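The structure under discussion appears below in the form of structure tokens.
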Protein chains: 2
Amino acid sequence: MTVTSVRTDRRTATRQRIADAAARLASEHGVAATTADQIAAEAGVGRATFFRHFDSKELAVATGLADAAIFVIVGLLAEVPPQVGPLDAVRAAYARLGEDFDANRQTFLDQADLCRSSPAMFAWTLRLYVDWEMAIADAVRPRFVALAPHDPRPRMVGAMAMAAVRLACDEWLVDRGSGDLPALVQEHLDALHLPPDPRPDPRGAR
Amino acid sequence: MTVTSVRTDRRTATRQRIADAAARLASEHGVAATTADQIAAEAGVGRATFFRHFDSKELAVATGLADAAIFVIVGLLAEVPPQVGPLDAVRAAYARLGEDFDANRQTFLDQADLCRSSPAMFAWTLRLYVDWEMAIADAVRPRFVALAPHDPRPRMVGAMAMAAVRLACDEWLVDRGSGDLPALVQEHLDALHLPPDPRPDPRGAR
DNA sequence: ACGGCAATGAGACTCAGTATCATCGCCGTG
DNA sequence: CACGGCGATGATACTGAGTCTCATTGCCGT
């Protein structure tokens, strides 16, 4: 798969250490109270190296918080039977992800708060979500049939998946995380099933 | 509608002047080469006032570039006949918006480049898109029937509308803006029509 | 009129982010 | 097995973003 040498391995490991250190310090003291120097020191690297790996302090924190999860979700997507359609596969993967939600409820709440703790933190979190979108797009692409070279569908599904998570989190935070986040995510994904033909209104209104 | 007094009017006008100055200077010299001091001076305000109105230099530039367009799109949405469904209304509004695309092709290209000219600029552009999402969500909300209090559908439609624009732009920029952007946006919106039941595959594959 | 408060300007200060240069150590070549 | 190239890092200095505080101005309600 990916080319792996001593050099690239060490670089990846360094990046990982920095992200972990950033997430740990920011979780404990808040993003604003954590300086780039502290993160670099905690990761055992120089300050310059820190900024060689991340474009901003906020991106490092966001990456440290969530970078592991992206591999989890891609892994879960791969486990869904191949004949399941793209969007249903996302639903299934998220459902699996939500199974052990209650055990980590407080962690999720803290991370969601941290991601929104400042406008800059939120902006860079959105930036990271774009990476997730692409990872999900790549993961669901094989599930499309008759896929044109630049077919927009995989990336739109990726965007939809991340939008569902983000908006579900927003809704979840309204009552300080007391609700059922996985259920909210599913509801948001279902919302996308906008009536294929909206006029007849499938919800049977009136 | 909104409360309007001499005070709030002046504040709004000041914000507008700052955003305009930011967009003008950044368009001419690039974001990195434009300092907050220059923008403040160009807008005729103090440096402190600049940061009272915008959380970052990048957000000011992005706002100046695109803030007018949000009113346009909301206005166009309002003009679509009320019986048209939410998603089709978005399609129609974007179609109207794209009518005079060729006349502004170079402007769009410059702005799209500027929004992606640095990781920070891109991140803050994404942040601004969230505002657009909410504006679109509010604009299409009346088009939903049987709308529950916290129904996720309006916001998901808003998110998809902005995702379509963003991803279409990405695709458009691949060949340096020589393609048909409005058509790309429509294709991305259509991708949302993911087969209501993905298995049968409506595109008639094989 | 007058007192409160929102908006601003000025200036100081911290720290994010960048650039430069030197060093170290992996990697492919002779 | 040297050795030269280059990628990754550390140290350091510098610009400028973003924050804070305090003083001033002028709209607004009593």
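In this text the structure is predicted, and so the values were computed from the model without any measurement. Any value given below was found using the heavy atoms of this structure, including those in side chains, with hydrogens, waters and symmetry copies removed.
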>> Tell me the interatomic distance from A/Asp9, atom CG, to C/dC27, atom C1', rounded to whole angstroms.
In response: 14 Å

>> Using a heavy-atom cut-off of 4.0 Å across all strands, would you classify B/Thr12 as base, sugar-phosphate, or nothing?
In response: nothing

> Roughly, in whole Å, what's the span from CZ in A/Arg11 to P in C/dG25?
Replying inline: 18 Å

>> Can you see if the side chain of B/His53 gets near the phosphate of C/dA7 - specifically, an N or O under 4.0 Å from OP1 or OP2?
In response: no

> Which nucleotide, C/dA6, C/dT8, C/dC21, lies nearest any side-chain atom of B/Arg7?
Replying inline: C/dA6

> For C/dC27, does OP1 or OP2 lie under 4.0 Å from any side-chain N or O of A/Ser5?
Replying inline: yes

>> Does B/Ala48 reach a base, just sugar-phosphate, or nothing at all? Heavy atoms under 4.0 Å.
In response: base

> Taking A/Arg143 for the side chain and A/Gly85 for the main chain, is one N or O donor matched with an acceptor at less than 3.5 Å?
Replying inline: no

> Just checking B/Ser118: base, sugar-phosphate only, or nothing, at a heavy-atom cut-off of under 4.0 Å?
Replying inline: nothing

> Between B/Thr35 and D/dG16, is there a side-chain N or O to OP1/OP2 distance below 4.0 Å?
Replying inline: no

>> Salt bridge or not between B/Asp190 and B/Arg91? Use side-chain N to carboxylate O under 4.0 Å.
In response: yes

> Salt bridge between A/Arg166 and A/Glu171, side-chain N to carboxylate O under 4.0 Å?
Replying inline: no

> For A/Asp55 and C/dA19, what is the distance between atoms CG and P respectively, to the nearest whole Å?
Replying inline: 12 Å

> Rounded to whole angstroms, how far apart are CZ on B/Phe50 and P on C/dG9?
Replying inline: 13 Å

> Has the side chain of B/Arg52 got a donor or acceptor atom sitting under 3.5 Å from an opposite partner on the base of D/dG18?
Replying inline: no

> If you check the A/Ser56 side chain, which of D/dA17, C/dG17, C/dC27 turns out closest?
Replying inline: C/dG17

> When the ring planes of B/Phe101 and B/Phe108 are compared, do they come out parallel, tilted or perpendicular, using 30° and 60° as the limits?
Replying inline: parallel

> Are A/Arg47 and D/dT12 close enough that a side-chain N or O sits under 4.0 Å from OP1 or OP2?
Replying inline: no

> Expressed in angstrom and rounded to an integer, what is the separation of A/Phe51 atom CZ from C/dG17 atom C1'?
Replying inline: 5 Å

> Expressed in angstrom and rounded to an integer, what is the separation of A/Phe54 atom CZ from D/dT9 atom C1'?
Replying inline: 16 Å

> How close or far is atom P of D/dT9 from atom CZ of A/Arg10, stated in whole angstroms?
Replying inline: 8 Å

>> Could you check whether A/Arg17 pairs with A/Asp20 (Lys NZ or Arg NE/NH1/NH2 to Asp/Glu carboxylate O, under 4.0 Å)?
In response: no

>> Expressed as a whole number of angstroms, how long is the span from A/Asp37:CG to D/dA11:P?
In response: 11 Å

> If only side-chain N and O atoms of B/Thr14 are considered, is one of them under 4.0 Å from the OP1 or OP2 phosphate oxygen of C/dT8?
Replying inline: yes

